[in-house]
Amino acid sequence: MSLLTRVRRLPTQRRRAVRDDPAAGENLGGTPGGAADDGPGAAGRTKHSVRSRLATVLAALLVLLALTAPYDFGRLTPGAFVRIPLEALLVVALLLALPPRGSRLVATLAGVALGLLGVLKLLDLAFSASLSRAFDLVLDWALLDEAFGFVSESFGRPGAVGAAVGLALVAVALPVLVTLSVLRLSRLVVRHHTGTTRVVAAMVVVWVACAAFGVQVAPGVPVADTSATTLANGHGFQVRLRLNDRKTFSAAIGADAFRDTPGDQLLTALRGKDVVVAFVESYGRDAVEDPEFAPQVGAVLDDGTSRLRSAGFAAQSGFLTSPTFGGGSWLAHATLLSGLWIDNDQRHRTLLASDRMTLGGAFRRADWQTVGVMPAVTRAWPEGAFYGYDRFYDANTLAYRGPKFSFGTMPDQYTLSSWQRLEQAKQDGPAVMAEIALVSSHSPWTPVPRLIDWTDVGDGAIFRDAAGGAKGATRRSTTRIRADYRRSIEYTLSTLISYVETYGDDDLVFVFLGDHQPAPVITGQNASHDVPITIITRDRAVLDRISGWGWQDGLKPGPQAPVWRMDAFRDRFLTAFGP
């Protein structure tokens with residue numbers, strides 16, 4: 001080869017080397033004699049190369065996180081990220097097989113899809129951590145407004161606005177960043193065609209071997225991963241299910257065995273009784289069975305059983321399976337009162353638009369006065385029209401003048417005291433059926449006030465002195481949150497027992513139950529949806545009517561107590577106390 005030919009070919013060789021290895025450009029970019037260029041230009045190229053490589057590493061990490069991150073909070077462990085995503089191998093293989101323009105299009109589409117999948121994973125993680133279920137693409141957008149209200153009530157409006165802005169930024173930024181990262185990596189893949197092909201072939205072999213032998217680093221998380229496809233298919237099936245559910249549920253609403261039952265044939269065994277159905281927020285099965293809570297909560301219930309027995313009362317208890325977990329109390333209320341399984345907001349809206357007879361509606365048809373006591377309702381509540389209360393008390397009409405306890409607008413003792421003063425103390429008029437929602441045990445489970453003498457409750461101002469150090473929600477350890485949850489349940493149960501002991505009479509039938517289990521931060525993962533339910537009365541004939549239910553004596557249901565779905569309660573109750 002002549003000297004002239006060599007000089008002409010050198011730039012071409014240099015360009016090929018740079019194309020195959022960007023870092024080689026630094027070594028080939030020296031002086032004509034081959035010596036390295038130690039001037040300012042070399043330093044600039046070095047910095048640029050470092051930044052470029054760092055950006056590539058960050059892009060790879062972001063894409064890997066988006067692909068391998070679990071979408072179930074219970075599986076969010078370091079070992080869960082040790083996976084080989086089959087979807088990534090297939091996309092890389094496709095990029096290698098396509099011409100440049102086609103590979104850019106595929107990379108862009110794959111990046112957008114992966115970014116949106118990342119947002120969906122974050123939503124699933126949040127919902128599994130708080131409600132122990134996945135995010136519902138059709139129905140759960142409305143819950144974001146509820147979440148804003150909860151954060152605003154518990155932590156203040158600035159915190160809620162900040163959280164909303166942060167969520168919006170993540171929802172926009174994540175797909176953009178993931179798409180840019182995939183495009184950057186795709187260029188690297190195409191540039192190193194031969195090496196990438198060998199790596200992908202080796203990873204496919206490893207993936208097949210891991211799949212064949214079921215290799216797992218974290219329990220329940222296979223290394224041979226197809227979770228991205230599983231997640232997309234699962235949510236696609238969920239969307240189809242929701243679209244078909246409305247017709248099915250509408251038919252269920254019309255199938256009501258008590259729809260045409262005359263009022264004089266309803267609830268005949270409870271004539272003259274004041275009946276209270278009280279929902280205790282977040283009072284789940286774990287409260288009476290988890291070793292961390294059961295000794296103290298059980299002691300309150302056992303002591304209450306003894307005290308009420310001394311006052312002439314008897315009680316029986318069992319379990320109901322709630323349609324919701326960690327939140328969504330309105331779904332549990334609607335399920336118990338309607339006798340229908342209301343496990344999502346679409347069913348709830350359909351129910352509210354129907355003429356389904358609720359448990360309260362049955363009492364009203366049988367000439368009871370019906371009353372709703374909802375201290376957490378602070379604005380317009382359209383559900384009230386469906387439930388058809390003769391009288392309704394919300395946070396405004398209850399006129400509480402004491403301090404606020406985080407999410408709870410007022411202590412449960414004040415709520416029950418107001419019910420007694422406004423309704424139970426009246427000596428004339430027909431019997432009353434009341435639905436009461438008690439909220440002192442609502443998340444985020446901040447400290448609750450002390451139980452005080454009922455005659456001192458007044459307008460609630462006294463709770464400023466009985467707060468016991470209760471403040472707004474602050475940053476706390478999980479151990480502290482769990483302890484505060486237990487204390488809030490103890491407080492509400494003690495308040496209920498004291499109320500019946502103080503104001504109960506021969507004509508009171510008091511039913512109290514949990515609406516749902518608390519969030520997984522309290523129960524852990526995979527807890528049941530069961531909640532305790534108890535009936536208290538002095539009239540033994542009332543309990544004789546439910547002797548066939550198999551419920552256990554006392555305020556605390558044991559491990560062998562029967563469990564029904566919550567939607568079964570309405571019909572069983574109407575049957576037991578009918579003619």
Are [X] and [Y] side-chain neighbours, meaning at least one heavy-atom pair lies under 4.5 Å?
| X | Y | answer |
| --- | --- | --- |
| L86 | V204 | no |
| D567 | P323 | no |
| S282 | W445 | yes |
| D225 | P85 | yes |
| T523 | P518 | yes |
| D345 | R349 | yes |
| R487 | S440 | no |
| L398 | V373 | yes |

Quick check: closest heavy atoms across [X] and [Y], and the distance to 0.1 Å?
| X | Y | answer |
| --- | --- | --- |
| A218 | G79 | CB-C, 3.6 Å |
| E281 | S329 | OE1-OG, 2.9 Å |
| V182 | G111 | CG2-CA, 3.8 Å |

Quick one: does any side-chain atom of [X] pair with a main-chain N or O of [Y] as donor and acceptor, under 3.5 Å?
| X | Y | result |
| --- | --- | --- |
| R285 | D530 | no |
| K121 | L67 | yes |
| R482 | I522 | yes |

Take Y71 and F135, measure what ring pair (Phe, Tyr, Trp, His ring centres under 6.0 Å) needs, and give me the verdict at the end. CA-CA 10 Å; Y71 46 87; F135 180 76; over 10 Å; no
More than 12 heavy atoms of other groups within 6.0 Å of F81 CZ: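 Check passes, neighbour count above 12.
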